[in-house]
Amino acid sequence: MIYLLSVLALTWNPVIWRVHYKQRSFISFQVIRLLLGLAIIFCISYFGLVDHTLQAFISYGLYILGFFLLLDILYVQTKKARITPIIGAVFIIAGLFFSFIYPITITNDKYEFVKAKVKTVSKIDASIDEKHIPVVPEKYARYRSEKLIGELKHSSYYDLGDSTIQKMDGHLYWVTPIEYTGFFKWIKGEKVPGYIKMSAEDERAEAQLIKTKMTYVPSAFFGKNVKRHVRSLHKDKILLDVSFEPDDQDHPYYVIPYGEYKKFRNIVDVQGIYLVDPATGKTKEYTLANLPDFIDHAIPTSVAEDWNEWYGKYVHGFWNSHFSQEDVMVPTQWKGVDEVNGVFNHDLQLHWFTDFTRPKSGSGSMVSYSILNARTGKFTFYTEGNGLLNGKSAMNVAEKTFRANKYDAGTPILYSIYGQFTWVVPLMDSNHVLREMMLINAKDEKVYSAEDSKRALFDNYKYAIATKLGNDVATPTDQALLKSLKGTVTHVYKAETAQSTTVKFMVDGSEKIFVVQSTDFPYSIFLEKGSVVEFKYVDTNETIASINGEFKILK
């Protein structure tokens, strides 16, 4: 039925028809207009996947109808024939108004829409369990995942899709679907062979190829394109960004959030999701109130970015945001990546995080930060962040610390670790290989730890907090002290990795397992049962302790 709208591309002015209906060129031009109208509607509907609603018709129709009505100017010979070109010009002007002027007039509405969702908090959250803090950056996860693509049959047919961080069976993973590389590869290729997941918590874990045949994917064409498949079932819904989410049993699904527009397609309100089985195309609808437990990405990053921008920018309206800028805050903007980053709370629920700075100040500190629950849309704004190191400054500190190595800092994430605001910053070489990880205290950038293993990273950070921040902060744990130990080795375990050898050992009289890296202490690879060692370590409540500062094999 929607293609019947293409008849609106014809000339509807009876005065023009009376004068030119016998002219072959005029009739030919009408055929061309009809075909052009069909082509435009096809592109908007089929490729653009635009919702079939009255607002969509008005939004796009003002320009399209205006364009075709203006074409009647070619046949204007009398005053009565001028009416349709004039109406066409009015339609186009109306379209420009709704596209550029009207959004300026509703900035207060945008702010109030988000404000109704915001809960303002000043108290810091409790520290998150360190084992669930992701230290593996996306670029490194994709680097490791790319290697598995080469092992596939007809590997040139496939490429990596968008990577997302998510919870799977109580663990955090980077999950990357495999996609077709183009139309002809889709025709020739078999079904997509599966997806790749890699631990976001364990920097030494290997990427895993999960083999599962998938037909309905974003890179497929025609009815096999997953978003087009959902649009064919639900024509009147606003469909948002597609995300890929396997469940805890590794069964893959595609998630397509849906919602409705407010204020003439300027404000989007997410209402739920469509969950698609990529093997069968079976689609289920869920509201935000009854999502399956494994779903993390119900609120797209694009929506979270808009909400953060509106809340920080339009606190006193449009003109204030550009001139006096009273109380205006600007979310941190990153080149080439989303402006919001994924963080997980104690319940391992995904939140979109961003920090805010003063506009055009060039300051290295933040004024506040926010987290938005990616399942429910609950928006929490924290006012306690004023004066803390912002994300870009944390990246700068990390890169300067390893200036000689020319490492690039990955996107930093702010967590509460041991009661301290702390930036987690990965560092990679030019090939996106993870080389170091840093924890940088957001109150004092001189308090940090930098290691290539997560265990040592957190142990050393505990010690740095306890010894460098002074008496004005609470010690993270009474056990976080550097201690010395001398004894005989009773057990030894060595594990080879691509970068180093990890040596774990126990000493007579101690129940702790000590860990030392050959990159830090090269002679540790010669450690054997019965060796006498002397070393220093960070004494924590954990069973595993990292060697810190000194390690000697006496005999």
Side-chain angles (χ1 to χ4, degrees), residues 129-133 135-136 199 201-206 401-402 404-405 407 417-418 422 424 426-427 429 433-441 446-469 475-555:
D129 186 348
E130 63 196 57
K131 72 179 181 180
H132 290 309
I133 294 179
V135 293
V136 177
S199 173
E201 302 175 7
D202 184 357
E203 74 282 4
R204 302 187 187 280
E206 297 291 334
T401 302
F402 292 91
N405 304 88
Y407 291 158
I417 302 177
Y418 309 135
T422 305
V424 181
L427 286 150
D429 62 19
V433 176
L434 181 64
R435 294 301 184 186
E436 297 283 343
M437 298 166 286
M438 288 193 71
L439 299 179
I440 303 173
N441 192 280
K446 295 187 293 294
V447 179
Y448 67 86
S449 67
E451 297 290 341
D452 62 358
S453 70
K454 190 175 182 179
R455 178 75 272 155
L457 180 73
F458 282 86
D459 283 348
N460 291 349
Y461 188 60
K462 281 184 181 180
Y463 182 72
I465 293 174
T467 57
K468 293 183 180 180
L469 282 183
T475 301
T477 169
D478 292 338
Q479 301 298 318
L481 298 173
L482 192 64
K483 293 188 176 181
S484 299
L485 184 63
K486 180 180 179 181
T488 302
V489 175
T490 58
H491 300 80
V492 178
Y493 172 80
K494 299 176 184 178
E496 299 285 345
T497 66
Q499 292 82 26
S500 66
T501 299
T502 299
V503 181
K504 298 181 180 181
F505 64 94
M506 296 184 69
V507 174
D508 188 27
S510 175
E511 295 182 354
K512 287 186 177 293
I513 299 173
F514 301 99
V515 181
V516 61
Q517 303 292 334
S518 63
T519 51
D520 298 326
F521 303 98
Y523 291 107
S524 63
I525 61 175
F526 301 113
L527 191 66
E528 301 290 346
K529 182 179 179 181
S531 298
V532 178
V533 294
E534 183 177 16
F535 56 89
K536 292 182 179 181
Y537 68 99
V538 178
D539 189 16
T540 69
N541 292 323
E542 304 291 338
T543 302
I544 299 176
S546 296
I547 306 301
N548 187 298
E550 182 180 311
F551 177 82
K552 296 178 181 178
I553 301 177
L554 301 180
K555 64 177 181 178

Q. With sequence neighbours left out, what residues match Tyr523 under side chain to side chain contact (heavy atoms under 4.5 Å, CB included)?
A. Phe526
Q) How far apart are the closest heavy atoms of Ala464 and Tyr448, and which atoms are they? A) CB-O, 3.9 Å
(Q) If I take atom CG from residue Leu457 and atom CD from residue Glu203, how far apart are they, to the nearest 0.5 angstrom? (A) 8.5 Å
**Q.** Note, Tyr407 side chain near Thr401 side chain (heavy atom, < 4.5 Å)
**A.** no
Q.
Any heavy-atom pair between the side chains of Phe521 and Val503 that's under 4.5 Å?
A. no
Q) Who passes salt bridge (Lys or Arg N to Asp or Glu O under 4.0 Å) against Lys494, sequence neighbours left out? A) Glu528
(Q) So, taking the atom named CG in Leu439 and the one named NZ in Lys462, what distance separates them when rounded to the nearest 0.5 Å? (A) 12.0 Å
Q. What are the two closest non-hydrogen atoms of Ser531 and Ile553, and how far apart are they?
A. CB-CG2, 4.4 Å
Q: Begin with the C-alpha distance, continue with both residues' side-chain angles, and end with the deciding distance and a verdict on side chain to side chain contact (heavy atoms under 4.5 Å, CB included) for Leu485 and Lys512.
A: CA-CA 11 Å; Leu485 184 63; Lys512 287 186 177 293; over 6 Å; no
(Q) Once side-chain hydrogen bond (donor to acceptor under 3.5 Å, both in side chains) is applied, do any residues pair with Ser449, and if so which ones, sequence neighbours excluded? (A) none
Q: Not counting sequence neighbours, which residues clear salt bridge (Lys or Arg N to Asp or Glu O under 4.0 Å) with Lys446? List them please.
A: Asp444
Q. At their closest point, which heavy atom of Ala450 faces which heavy atom of Glu436, and how far apart are they?
A. C-OE1, 3.9 Å
Q. Who pairs with Ile525 by side chain to side chain contact (heavy atoms under 4.5 Å, CB included), at least two apart in sequence or on another chain?
A. Thr501, Ser518
Q. Okay, side chain of Lys454, backbone of Glu201: is any donor-acceptor separation there less than 3.5 Å?
A. yes
Q | Set of residues satisfying salt bridge (Lys or Arg N to Asp or Glu O under 4.0 Å) with respect to Glu511, sequence neighbours excluded | A | none
(Q) Among residues at least two apart in sequence or on other chains, which ones pass side chain to side chain contact (heavy atoms under 4.5 Å, CB included) with Asp202? (A) Ser199, Arg204, Ala205
Q | Side chains of Glu451 and Met437 in contact at under 4.5 Å (non-hydrogen atoms) | A | no
Q: Go through the structure and list residues passing side chain to side chain contact (heavy atoms under 4.5 Å, CB included) with Thr490, not counting sequence neighbours.
A: Met506, Asp508
**Q.** Phe402 vs Arg435 side-chain heavy atoms within contact, under 4.5 Å
**A.** no
Q) Do the side chains of Ile417 and Val424 get nearer than 4.5 Å, heavy atoms only? A) yes
Q. Do Asp429 and Asn405 come within less than 4.5 Å of each other through their side chains, counting heavy atoms only?
A. no
Q: Under the ring pair (Phe, Tyr, Trp, His ring centres under 6.0 Å) rule, collect the residues that match up with Phe514, sequence neighbours excluded.
A: Phe505, Phe535, Tyr537
Q.
If the condition is side-chain hydrogen bond (donor to acceptor under 3.5 Å, both in side chains), which residues does Glu534 pass it with, not counting sequence neighbours?
A. none
Q.
For Thr422 versus Tyr461, what's the shortest heavy-atom pair and its separation?
A. OG1-OH, 2.6 Å
Q.
Side chains of Asp452 and Gln517 only: does a donor on one sit below 3.5 Å from an acceptor on the other?
A. no
